[in-house]
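All remarks here apply to the structure that follows.
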Protein chains: 2
Amino acid sequence: MTATIKDVAKLAGVSPSTVSRVIANSSRISEKTKKKVRDAMKQLGYHPNMIARSLASQTTQTIGLVAASSNDLVFQNPFFPTVLRGISEGAHEKQYSLHMTTGKTEREIYEDVVKMVQGRRVDGLILLYSKVEDPVLGYLMERNFPFVVIGKPFKHVEEITHVDNDNFRAAKDVTKHLVDLGHERIAFVGGNLNFVVTVDRVLGYEKALRDVGIEMRNEYVVHEEFVREGGQEAMKELLSLDEPPTALVVADDLMALGVLNTLNEIGMRVPEDISVVSFNNVMLAEMSRPPLTSVDINIFDLGFESARNLIQMIENPKEPVKRIIIPHNLVKRDSCGPLEFSNPNQMVQF
Amino acid sequence: MTATIKDVAKLAGVSPSTVSRVIANSSRISEKTKKKVRDAMKQLGYHPNMIARSLASQTTQTIGLVAASSNDLVFQNPFFPTVLRGISEGAHEKQYSLHMTTGKTEREIYEDVVKMVQGRRVDGLILLYSKVEDPVLGYLMERNFPFVVIGKPFKHVEEITHVDNDNFRAAKDVTKHLVDLGHERIAFVGGNLNFVVTVDRVLGYEKALRDVGIEMRNEYVVHEEFVREGGQEAMKELLSLDEPPTALVVADDLMALGVLNTLNEIGMRVPEDISVVSFNNVMLAEMSRPPLTSVDINIFDLGFESARNLIQMIENPKEPVKRIIIPHNLVKRDSCGPLEFSNPNQMVQF
DNA sequence: TTGTACGCGTTATCAT
DNA sequence: ATGATAACGCGTACAA
């Protein structure tokens, strides 16, 4: 059916191994022979069978992608396509392909991983998330299989190559920014605490407050899985406190959009009545009303560097463990204002 | 290193072929032997080498995904993760894996496809887009390789299995909806005409107008690649016509969000001054201000059905060509109002 | 510089 | 019901 290496060999009048060497562009083949063989390949429309090659060479030139459960926020979030684009570009550069998990539950995903690894379908893995308890990590470390984590591993940080932002610092910076604007009653609206990124951002938020001697209040920290449902309730509760916050640090642009809507519904103006900052700086941040002040975490680079570094690990097994920190920077738009603008004692009508 | 079928055979005291049969759960193996073999597999932590299996069986249990150039709108759009989730679920159901292209340019993507097909890495392909001129289509048809298109093929519609919405009808419905609200000056704001979906939607829009005898105006149809840059200009031009439209049919929620922003900037209220409807009904539609009236095209199902049908084609080569139409429905929110609300003759200040 | 022969880990055919 | 043997298409020592 399809031409194989043998067909090419026959047509070119050489042995199969010579053809193989021409494919690998071996320096020990004369230019004349190379040309002959290449002509034959063209003529037959030959393309190497990657499966056979993989079996023989014990390498697939393929990177496996492990996404968190598609039930999770991650998949709805513009974060995903962007990081994927980064990975894609990093992989393409070195001629690697991408293979994806399809599992939904944690259990299914674990099985996908085993199947990729033991099934020898991939040379390495990128974990697109980092959560607090993750059986996949143990499995991979135990087998000493090349992988990199996007985000900060919860345990074994020193032993796992990962690509991350300094989320602690970013949250600290952003909170400090609000403090500098005069705010003292600053609340944190976060996501699932099972994700390490959320933990880091809460901690950074708390540190900033401690640094300037602002008292922490438990009722100022809310965690909602997602904003559309329970989020509204949580927001209303937060804002009906005796001393409602004058500023909000929101863990994610998408959540912030929900927050903005809720605020709008209950008649609070941003930034006049309350300031909002968030993270990720996806396109949405720019397109929301008002445009969101947001921390740009360079999502594309997170993906791109993961791919690059994973490939290095694959091609050089002695590569040392690395921590790559992608820089972030605050993009100021219109969702934050100085405290004197806000009127924290106004009555909020529900 | 890793246990192979031979190791299992040795430990279980049977031949490799018996182990292979146990894996396939062949009915011609005694339960006793099966148990013996399975115990050995557990004990060794055996998992089949999918690469070797693929080489021997000439099948990969893998679906290839072809995304349009990542430069295109597609990747930025929430459409992508959602359709991917659908595909993922459809594939998972039948134990298929996913393999992705990484190319950016049209040329690179074409090469990715060839590599997947001739490299025998995948059993079939899903094209996540449909454009007017696409060399990939010709290549696949010529080789008679199983594939399905998401969207409507521009040519050879009868010969290509595809999963699509009735975009013509949807656009017609939505335009009619505006007409029913009393609008007559209805403009169409579309995307890249190289995508068939755009073409279909314009045509539906035009048909609706013709049906009710409203005169078509060329200046009422604008096509902008994307909304953030040139889109603003186009919008302003559109709205400064002598007789500006009182309603807009926008080809996509993301574009509609941009449109909403532009309208907001130039001080036009939605829906009081102008009505807006769009397509896709992604989460954004719900979260924008005002919430967008949008055609829900059931993106997830587009993906899910593509995967299902592709797998059918793979497993039954005589499967007839199919056209699967995923239903759509108009989700009415707050971005459309009756004509009497709008004031088409107001002066617009820039 | 090129060819021969074997192995990669399975599945499939043909015996028994 | 099970085993031996030959593919599957390619890479690579080893030979020449």
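Each chain gets a letter, A, B and so on, in the order its sequence line appears, and its residues count up from 1.
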[X] side chain: which of [options] is closest?
X	options	value
A:Ala56	C:dC8, D:dG3, C:dT2	C:dC8
B:Thr4	D:dC10, C:dT10, D:dG3	C:dT10
A:Tyr46	C:dG3, D:dC10, C:dC14	D:dC10

How about A:Ser15 and A:Ser17: does a side-chain donor come under 3.5 Å of a side-chain acceptor?
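Short answer, yes.
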Counting only side-chain N and O atoms of [X], is one of them less than 4.0 Å from OP1 or OP2 of [N]?
X	N	result
A:Gln58	D:dC10	no
A:Thr33	C:dT2	yes
A:Ser20	D:dC10	no
B:Ser57	C:dT10	no

Would a 4.5 Å heavy-atom cut-off, applied to side chains only, mark B:Val66 and B:Phe147 as touching?
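In short, these two side chains do not touch, never coming nearer than 4.5 Å.
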Atom [atom1] of [X] to atom [atom2] of [N]: distance rounded to whole Å?
X	N	atom1	atom2	value
A:Gln61	D:dG11	CD	P	11 Å
A:Ile5	C:dT2	CD1	P	15 Å
B:Met41	C:dT10	CE	C1'	14 Å
B:Arg53	C:dA12	CZ	P	10 Å
A:Arg28	D:dG11	CZ	P	14 Å
A:Leu55	C:dC6	CG	P	18 Å
A:Ile23	D:dT12	CD1	C1'	13 Å
A:Lys36	C:dG3	NZ	C1'	13 Å

Test the B:Lys131-B:Tyr129 pair against the cation-pi criterion, namely NZ or CZ under 6.0 angstrom from the six-membered ring centroid and within 45° of the ring axis.
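Flagged: B:Lys131 positioned over aromatic ring of B:Tyr129.
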Would you say the side-chain atoms of B:Asn194 pair up with the backbone N or O of B:Val132, donor to acceptor, closer than 3.5 Å?
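No; zero donor-acceptor contacts below 3.5 Å.
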Quick one: does any side-chain atom of A:Asn309 pair with a main-chain N or O of A:Glu305 as donor and acceptor, under 3.5 Å?
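Checking the backbone N and O of A:Glu305 against the side chain of A:Asn309, a donor-acceptor pair under 3.5 Å is found.
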Using a heavy-atom cut-off of under 4.0 Å over every strand shown, decide if [X] touches base, sugar-phosphate, or nothing.
X	value
A:Val19	nothing
A:Pro16	nothing
B:Ser30	sugar-phosphate

Would you call the rings of B:Phe80 and A:Phe80 parallel, tilted or perpendicular, taking 30° and 60° as the class edges?
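Rings of B:Phe80 and A:Phe80: parallel, as their planes differ by under 30°.
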I want to confirm an ordering. Mapping B:Ser17 and B:Ala52 to their closest nucleotides on DNA chain D, which one lands closer to the 5' end?
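It is B:Ser17 whose nearest nucleotide is closer to the 5' end.
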Please convert DNA chain D into dot-bracket. A pair counts if it is Watson-Crick or G-U wobble with both distances under 3.5 Å; crossing pairs go in [ ] and bases paired with another strand get |.
||||||||||||||||
CA sep, side-chain torsions, deciding dist, call: A:Thr2, B:Arg120, side-chain hydrogen bond (donor to acceptor under 3.5 Å, both in side chains):
CA-CA 10 Å; A:Thr2 312; B:Arg120 301 226 167 279; 2.7 Å; yes
CD1/B:Ile51 to CE/A:Met50 distance, rounded to the nearest 0.5 angstrom?
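Going from the CD1 atom of B:Ile51 to the CE atom of A:Met50 covers 10.0 Å.
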